[in-house]
Chemist: 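So that we are looking at the same thing, I have put the structure below in structure tokens.
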Amino acid sequence: MKNTPYQPQQFEKKWQEQWKKDKINVFNPDSNKKKYYILVELPYTSGDLHIGHWFTFTHPDVLSRFKKMNGYNVFFPMGYDAFGLPAENAAIKRKIHPKDWTMKNIETMTKQFQQMGTMIDWDWMTITCLPEYYRWNQWIFLKMYEKGLAFRGKALSNWCERDQTVLANENIENGKCWRCGETVVQKEVEQWFLKITAYADRLIWDENSNSVDWPKQVQAGQNNWIGKKEGINIKYKVSSIKYEIECFTTRPDTNFGATFIVLAPEHEFIQKILKGEIKSKETNVSAIKKYVEAAKAKSELDRMAETKKKTGVFSGFYAINDLNDRRMPVWISDFVLIGFGTGAVVGVPGHDIRDFEFAKEFGIEIIRVVVGKDGNTSAITKKEQVQEKEGKMINSGFLDGIDILEATKKIMNYMVEKGWGKRTVTYHLRDWSISRQRYWGTPVPMIHCPDDGIVPVPEKNLPIELPYEVDFTPHGKPPLATNEKWLNVRCPKCGIPAKRDAETLDTFFDSAWYWLRYLNPHHKNGPFDIGRAKKLTPVDIYFGGAEHTLGHTLYARFFTKTFKNWGMVDHDEFALKRIQHGIVLGPDGNKMSKSKGNVINPDNVVAEYGSDTVRLYLCFMMPYEGTGPWSDQTIAGVNRFLTRVWEIFQNFINEKTTRSFVENKHLVIKLQKTIRKVTEDIENIKMNTAIAAMMEFLNDWERNPAGLSKENAKKFLQVLSPFAPFLTEEIWQSIFKEKKSIHLSIWPKVEGDLVEEEVIIPVQVNGRLRSTLRVTRLEIGKDNVISKALKDEKVKKYLDGKKYKVIYVPGKILNFVTN
RNA sequence: GCCGCGGUGGUGGAAUGGUAUACACGCAGGACUUAAAAUCCUGUGAUCGAAUAGAUCGUGAGCGUUCGAGUCGCUCCCGCGGCACCA
């Protein structure tokens, strides 16, 4: 009988429909089986599914099928990140309403996703732009406001003067506004913030903790971003007037070498000078005014361009260093940031590269300090000052031979005791600015009343729906303010005419808690079902992109800790494990882009090879974390593998031939090892090596196609099934006449001791491979192996009557060591 | 500058301190074919060698630990990613 060729197109669609009908992927939240929550970052509704989505989702899907076969109650939901700027952009460009554009995209993308044949249960779909979702954004916001976690404040922001709007960093193109081309400046703007800094300490990862498994890259990156620094605020009296300037430093030990003070242009002291509240003979008010204004007008781009060159102006005042009574000139420079520390820096040009540059630029004295080797506080009196010639700065060279931390601590204690300063902790992390002057987002549920100020919208009035009728084309005022009917309300407190807040929430607010909404997307009594959350979260494994290290995942952790405080969840971290994917590049090695013409369209490759091949290829081409080009040749090779699998199973069609099968012991052990390897590799998301193991097994099997029983052949099919769900299902049901889906079958167990009848033992002399021995399992005893090796000419000639020592790792390796 | 991750054949990539280069691609030779495609078989780190005899070298460079190092330690070099006038 002639074999049927492998034609996936003929059955993939059939199984997709059958699985849907049989509800093989339905999740039951009330099941008593152990839960396993697989989460993939919810995709943005960009409009078309590209190969990157396939890559991102295939690995989790393999895991999902695997976990299900291992008896877990697998929750693998899906949703869309549907608010945001691109929708507004596209809408302006194509003259479609953002909502219509987004909803249409969701429809197409969902259809495409379903073609992938994933185990995603679509009944839990959550869409962030729907009122049933964002009303709970508003609820959370109000609750945060009530607890002081959401507040209105001023911050330096990217500002476009022409459009009168704040711009996000990603809306700036070469320092210009993306809408009108105006140069972006920094401006203090009043906006809404979330007090993420209140959680700074709790957000720091404990590197020694094993309770969660997140990439080091993320943990270190976030810790770095939070940037906790312990130091001291040293007070310096300004001579001739009653004022103290406070400077933050982590290295008070360098203070012997301080020769100047620099203030940020926004510093309070400068304001006092400009207002004429303080003055000295040396103060040039107009020069200071000019400098401060120039600094204010500087764009991000200008500041970056000037990274190396220091600018500044002298304030006309001097401050006193209590340590050595030195009179230090007070300068103003924009390299000092008002947002960090105290906005004032003590200049130690002998030991800090920036201070050095500044001092050189303005002819300020540069002193290098040497501290006594004992590192004791007494070192203070033994200080030795040396003039530093021009040269490379060595940041800690002056403390050679002593423990810097110890010295710093001692000097800090000394200064604190003397009352010259106080211990301080600073963070790099800033509060999260969440106001966006855009249309396509969650309306901020606040009302501005002329009498009562800011008044929260009462909970019973939620949701504040986003009005459909607005002018969202750029006009210089928030789009929501163009709908007067929506904008004008009465104050909930006093009833007089008031206005709604016309801003919307950053879309990262939406994605900061969506995995909880998945648990019950239509829940009406709160953002999520607390009981269910306690049962089904934390997420067991979270797949996503590396670009979310400092944004999304940090916000999500912050929300989790907030919910924990509110008693809504039990855990501190929302995801036990995090895996970050790489990128599939175009065949030319460049990032796929329409303009480069190197885009791989999933629909086309699926039409050519079938879903199984595409899935298998995406798992095999590189590790999940990897980034590399698409290869038409490699996918053809993977297709070859599936064809060979198909062919070998055709042997089982005929009962007459299978009766003559004789199970081969080696093949059975090899199969067991393959099952073990695939099992481990899927657990560790190392799909490429799992597939390699199956390929290896097939290579062996093909040498002896009648060497495996039907039962064992089915086991191979089962371990392949998470990767190639269609082909395996087709064989499972049409050749093996199974009635229930292979995806509902039980994952094969590894049985037996897996010791081969015969092993090959490498023999080394002095660590160099000289020969190999074939030994049966009964002969792997040390003495036996040694005597066998000694009969081997290849080994003998290197031993040559010399004395030797023997290292033998049973069944693994034999090493003779001479000399 | 700081932090993180890497550097292995022609390519993508494998290797609990134990035969480096699994698996795949590519390439070469062969079988089948009138021919091609497809498929199958064989070979494929480098150098020397007639050799499928054997030897030497070989995982960015150099030291070290070890019977044995791609793997562990130290000192560098290079690449990628993140952060950055952060005091």
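Here the structure is a predicted model, which is why all the values come from computation and not from measurement. Just so it is clear: chains get the letters A, B, ... in the order the sequence lines come, proteins before strands, and each one is counted from 1.
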Chemist: Does Y6(A) form a side-chain contact (heavy atoms from CB on, under 4.5 Å) with D612(A)? I'd like the steps, not just the answer.
Modeler: CA-CA 12 Å; Y6(A) 172 49; D612(A) 279 339; 3.9 Å; yes

Chemist: Given that V638(A) and F248(A) both sit by RNA chain B, which one's nearest nucleotide is further toward the 5' end?
Modeler: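 Closest to the 5' end, via its nearest nucleotide, is V638(A).
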
Chemist: Whom does rG4(B) pair with, Watson-Crick or G-U wobble, provided both distances fall under 3.5 Å?
Modeler: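 Result: rC80(B).
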
Chemist: Please state whether the phosphate of rG4(B), meaning OP1 or OP2, lies under 4.0 angstrom from any side-chain nitrogen or oxygen of N223(A).
Modeler: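 So the side-chain polar atoms of N223(A) never come under 4.0 Å of the phosphate oxygens OP1 or OP2 of rG4(B).
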
Chemist: When you check the phosphate oxygens OP1 and OP2 of rA38(B), does a side-chain N or O of Y6(A) lie under 4.0 Å from one of them?
Modeler: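 Looking at the OP1 and OP2 atoms of rA38(B), neither is under 4.0 Å from any side-chain N or O of Y6(A).
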
Chemist: Please compare T772(A) and E702(A) by the position of their nearest nucleotide in RNA chain B and report the one closer to 5'.
Modeler: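 In this pair, the answer is T772(A).
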
Chemist: Checking all strands, does P623(A) fall into the base, sugar-phosphate, or nothing category for heavy-atom contacts under 4.0 angstrom?
Modeler: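 Since only primed, P, OP1 and OP2 atoms lie under 4.0 Å of P623(A), the category is sugar-phosphate.
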
Chemist: If rC74(B) has a Watson-Crick or G-U wobble mate with both distances under 3.5 Å, name it; if not, just say none.
Modeler: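 Result: rG62(B).
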
Chemist: Report the nucleotide, chosen from rG68(B), rG12(B), rU19(B), that has the shortest atom-to-atom distance to any side-chain atom of I813(A).
Modeler: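 The closest nucleotide is rU19(B).
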
Chemist: Once you apply a heavy-atom cut-off of 4.0 Å, does R703(A) come out as touching a base, just sugar-phosphate, or nothing?
Modeler: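 Answer is nothing: R703(A) stays at 4.0 Å or more from every strand.
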
Chemist: Using a 4.0 Å heavy-atom cut-off, does N688(A) contact any base of the nucleic acid, only the sugar-phosphate backbone, or nothing at all?
Modeler: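 Since only primed, P, OP1 and OP2 atoms lie under 4.0 Å of N688(A), the category is sugar-phosphate.
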
Chemist: Under 4.0 Å, heavy atoms only, any strand: does S631(A) hit a base, just the sugar-phosphate, or nothing?
Modeler: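 Answer is nothing: S631(A) stays at 4.0 Å or more from every strand.
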
Chemist: In Watson-Crick or G-U wobble terms, both distances under 3.5 Å, what is the partner of rU39(B)?
Modeler: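 rA31(B) is the nucleotide pairing with rU39(B).
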
Chemist: Salt bridge or not for E779(A) and R774(A), using N-O below 4.0 Å?
Modeler: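 Not counted as a salt bridge, because no side-chain N and carboxylate O are separated by less than 4.0 Å.
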
Chemist: Taking only the side-chain heavy atoms of N699(A) (C-beta and beyond), determine which of rA87(B), rA55(B), rA24(B) contains the nearest atom.
Modeler: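 Shortest atom-to-atom distance from the side chain points to rA24(B).
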
Chemist: Which part of the nucleic acid, if any, lies within reach of R430(A) when heavy atoms closer than 4.0 Å are counted: base, sugar-phosphate only, or nothing?
Modeler: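 Counting heavy atoms under 4.0 Å across all strands, no contact is made by R430(A).
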
Chemist: If we call it a pair only when both distances are under 3.5 Å in a Watson-Crick or G-U wobble match, what pairs with rC85(B)?
Modeler: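 With both distances under 3.5 Å required, rC85(B) matches none.
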
Chemist: With both distances under 3.5 Å as the test, what is the Watson-Crick or G-U wobble partner of rA22(B)?
Modeler: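 The answer is none; no pair meets the criterion.
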
Chemist: Once you apply a heavy-atom cut-off of 4.0 Å, does K677(A) come out as touching a base, just sugar-phosphate, or nothing?
Modeler: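 If one applies the 4.0 Å heavy-atom cut-off, K677(A) turns out to touch nothing in the nucleic acid.
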
Chemist: Any side-chain N or O of R640(A) under 4.0 Å from OP1/OP2 of rA24(B)?
Modeler: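 Checking rA24(B) against R640(A), no side-chain N or O comes under 4.0 Å of OP1 or OP2.
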
